[in-house]
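Just so it is clear: chains get the letters A, B, ... in the order the sequence lines come, proteins before strands, and each one is counted from 1. These values consider heavy atoms only, across backbone and side chains, with no hydrogens, waters or symmetry-generated copies. Remember, it's a predicted structure, so these values are computed and weren't measured experimentally.
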There are 2 protein chains.
Amino acid sequence: MGLSHAILVCLSEEPLTGYDLAKKFESSVGFFWHATHQQIYLELRRLSTAGAIAGRAQPQSRRPAKTIYELTDTGRAQIRAWSRNWADPPAIKDDILLRLYDLADIDRSKLVEHLTRRREMHAERLALYEKILSRKFADPERLGASGIGRYLALDIGMRSERMRLEWCADALKLLDIAE
Amino acid sequence: MGLSHAILVCLSEEPLTGYDLAKKFESSVGFFWHATHQQIYLELRRLSTAGAIAGRAQPQSRRPAKTIYELTDTGRAQIRAWSRNWADPPAIKDDILLRLYDLADIDRSKLVEHLTRRREMHAERLALYEKILSRKFADPERLGASGIGRYLALDIGMRSERMRLEWCADALKLLDIAE
DNA sequence: GGCTCCATGTAAGTTGTTACATGATTCA
DNA sequence: TGAATCATGTAACAACTTACATGGAGCC
């Protein structure tokens with residue numbers, strides 16, 4: 001199961017609450033692993049009863065109480081074991097390619113609209129990643145071990161956005177001349 | 001739901017049996033939409049009772065009987081309606097990026113092994129796509145409307161493999177010098 | 001005699017999505 | 001005064017995975 005590993009990896013960096021994790025899954029880690037808060041809270045309870053993580057309840061004044069989870073030694077051992085396993089490259093499921101497959105039967109102008117919007121989204125994403133790069137990885141020589149990994153994750157994110165951006169542009173060109 | 005559309009799109013090309021569809025989902029369409037035969041047979045029954053497709057039973061000598069499904073007018077209308085909807089870019093869920101995120105805590109030599117294997121897989125995939133390209137799309141000028149769509153789907157597949165291939169190579173280089 | 005291809009299914013379990021719910025605090 | 005943030009959950013459903021099952025045909 002992927003989500004459990006994603007959570008363990010996050011917690012290996014620092015102890016977090018379910019709420020914090022949910023936020024993380026909407027930005028940094030979320031760039032390559034998506035999860036909702038419902039999934040996260042459920043999984044936290046599972047990992048907790050399995051002994052991979054431990055939660056400390058922390059009452060707060062003026063705020064609902066929260067539970068901060070951290071890795072146990074068992075959890076740490078689990079990550080190490082998991083990291084040795086082979087991971088199949090992810091399968092792509094992209095609706096827009098499905099539409100292209102049947103181009104003859106489909107509303108052409110809508111497709112152009114969608115491709116244009118996607119091109120913009122990829123450009124925005126790319127700009128965001130570049131901003132993160134310049135802020136956090138300005139000096140790649142001085143990155144620590146975990147820094148390199150995060151740099152590489154960001155790097156493939158950028159390459160992916162750039163590739164899709166270019167493809168959208170070329171697809172639009174081709175659709176235009178093949179009118 | 002995605003699978004139903006994937007099936008409808010396949011059937012818009014030609015009538016097929018569940019078995020044929022399952023094969024298609026392991027090669028051509030399978031490059032951007034994966035499904036097992038169990039899912040497919042279930043979905044075919046659903047689509048059939050919903051009236052989007054119709055199956056003709058065809059008894060065979062020396063072979064088990066088969067059911068050939070084809071689109072109904074309702075089904076065709078459904079595709080057209082669906083094709084106008086916006087499709088969010090696919091979310092990536094890649095285990096290997098998860099591992100990178102936590103590089104400090106992880107078995108480095110195993111990671112190198114995995115990246116090397118992945119690089120090979122991407123190279124193989126790319127070669128396969130290039131072969132398909134030269135066989136089926138040798139002359140892109142003369143493609144019909146549906147041909148362009150399929151060409152573009154193949155094109156993004158090739159770009160994707162090439163991008164990942166290069167990323168693997170660069171990641172291996174970086175991990176090597178950052179030893 | 002075993003392997004792959006044809007052709008279709010059931011059943012159980014896991015994962016992911018969507019809708020709904022609560023309730024206080026802080027900021028504009 | 002209303003929206004966003006903090007913090008956590010239940011419930012129903014949809015989608016996907018994995019294991020198991022059947023049985024003949026043709027090939028090496």
Whether [Y] and [X] form a salt bridge (side-chain N of Lys/Arg under 4.0 Å from carboxylate O of Asp/Glu) is what I want to check.
X: B:Arg108; Y: B:Glu113; result: no
X: B:Arg164; Y: B:Glu161; result: no
X: B:Glu130; Y: B:Arg135; result: no
X: A:Asp170; Y: A:Lys173; result: yes

What is the separation between atom [atom1] on [X] and atom [atom2] on [N], rounded to the nearest whole Å?
X: B:Lys93; N: C:dT15; atom1: NZ; atom2: C1'; answer: 8 Å
X: B:Glu43; N: D:dT17; atom1: CD; atom2: C1'; answer: 16 Å
X: A:Lys23; N: D:dC6; atom1: NZ; atom2: P; answer: 4 Å
X: A:Ile68; N: D:dA7; atom1: CD1; atom2: P; answer: 9 Å
X: A:Leu21; N: D:dC6; atom1: CG; atom2: C1'; answer: 15 Å
X: B:Gln60; N: C:dC5; atom1: CD; atom2: C1'; answer: 13 Å
X: A:Gln39; N: D:dA14; atom1: CD; atom2: P; answer: 17 Å
X: B:His37; N: D:dC20; atom1: NE2; atom2: P; answer: 14 Å

Should B:Tyr41 be listed as having a side-chain N or O under 4.0 Å from OP1 or OP2 of C:dG9?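 So the side chain of B:Tyr41 is outside the cut-off, no N or O lying under 4.0 Å from OP1 or OP2 of C:dG9.
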Please work out if [X] contacts a base, only the sugar-phosphate, or nothing of the nucleic acid, heavy-atom cut-off 4.0 Å.
X: B:Ala35; answer: nothing
X: A:Gln38; answer: base
X: A:Ala22; answer: nothing

With a cut-off of under 6.0 Å to the ring centre and 45° to the axis, is A:Arg150 in cation-pi contact with B:Tyr101?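 Yes, a cation-pi geometry.
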When you measure from the side chain of [X], which nucleotide among [options] comes out closest?
X: B:Arg45; options: D:dT8, C:dG9, C:dT8; value: C:dG9
X: B:Tyr19; options: D:dG9, C:dG9, C:dC5; value: C:dC5
X: A:Thr36; options: C:dT18, C:dT10, C:dC5; value: C:dT18

Check: C:dG16 base within 3.5 Å donor-acceptor of A:His34 side chain: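 Donor-acceptor pair under 3.5 Å: no.
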